Amino acid sequence: MCRVFTIIFLLIFSSSVHANYFCSGKVRYLSVSNNGTFWLGIGSEYQIQSICNVQDEYCKAWLSLAMAARMADKNLQLAYSNPNKSSGANCPINSAWGPSEDPIYDFNLKQ
């Protein structure tokens, strides 16, 4: 029984443990190009970024979360991973129409 609780605890908290910084906001731009690239713009100050390719299973799930957030007018939170940056790092604002500077570790729908 203890093993079950440990696994549940790790699943719930593992995404935020590995992330170095978070960016969140409402979905203002959402697109999938003909080569399968998922493009996303959140918040008013963050640039549009290529997130992933929808041929990957995790990317399909992230796209679904983004569409749900857009329809429900909820915030998305993206967790970025870069061991060379502190937890207070700024969100990417200068990578317009390209990949983010740092890999996205997790993708969450926020209240």
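For this chain, numbers begin at 1 and follow the sequence in order. As the structure is a computational prediction, the values presented were derived from the model and not from experiment.
Heavy-atom minimum distance, Lys110 versus Leu76: CG-C, 4.4 Å. When all heavy atoms are compared, the tightest approach of Leu40 to Ala66 is CD1-CB, 4.3 Å. The shortest non-hydrogen separation linking Arg70 to Leu30 is NH1-N, 4.3 Å.
Here the CG atom belonging to Asn75 is positioned 12.0 Å from the SG atom belonging to Cys23, to the nearest 0.5 angstrom. Here OG of Ser33 is found 11.5 Å from CZ of Phe38. Values are rounded to the nearest 0.5 Å. Rounded to the nearest 0.5 angstrom, Leu65 CG and Phe107 CZ are separated by 6.5 Å. The CG atom of Asp106 lies 12.0 Å from the OH atom of Tyr80; values are rounded to the nearest 0.5 Å. For the atom pair Cys59 SG and Ile104 CD1, the distance stands at 9.5 Å (nearest 0.5 Å). The structure places CD of Gln77 at 9.0 Å from CD1 of Ile42, a figure rounded to the nearest 0.5 Å.
Panel note: side chain Arg28, backbone Gly43; a donor-acceptor pair is recorded below 3.5 Å.
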Mind running side-chain contact (heavy atoms from CB on, under 4.5 Å) on Thr37 and Trp39 for me, showing each step along the way? CA-CA 6 Å; Thr37 302; Trp39 297 92; 3.4 Å; yes

May I have the step-by-step check of side-chain contact (heavy atoms from CB on, under 4.5 Å) for Ile51 and Leu63, ending in yes or no? CA-CA 9 Å; Ile51 302 298; Leu63 176 60; over 6 Å; no

Intermediate values then yes/no, side chain to side chain donor-acceptor pair (under 3.5 Å), Tyr21 and Asp102: CA-CA 10 Å; Tyr21 61 101; Asp102 301 319; 2.3 Å; yes

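Annotation: side chain of Lys74 is not in contact with side chain of Val27 (no heavy-atom distance under 4.5 Å).
Note on residues 51-66: pairs passing side chain to side chain donor-acceptor pair (under 3.5 Å), not counting sequence neighbours, are Glu57-Lys60.
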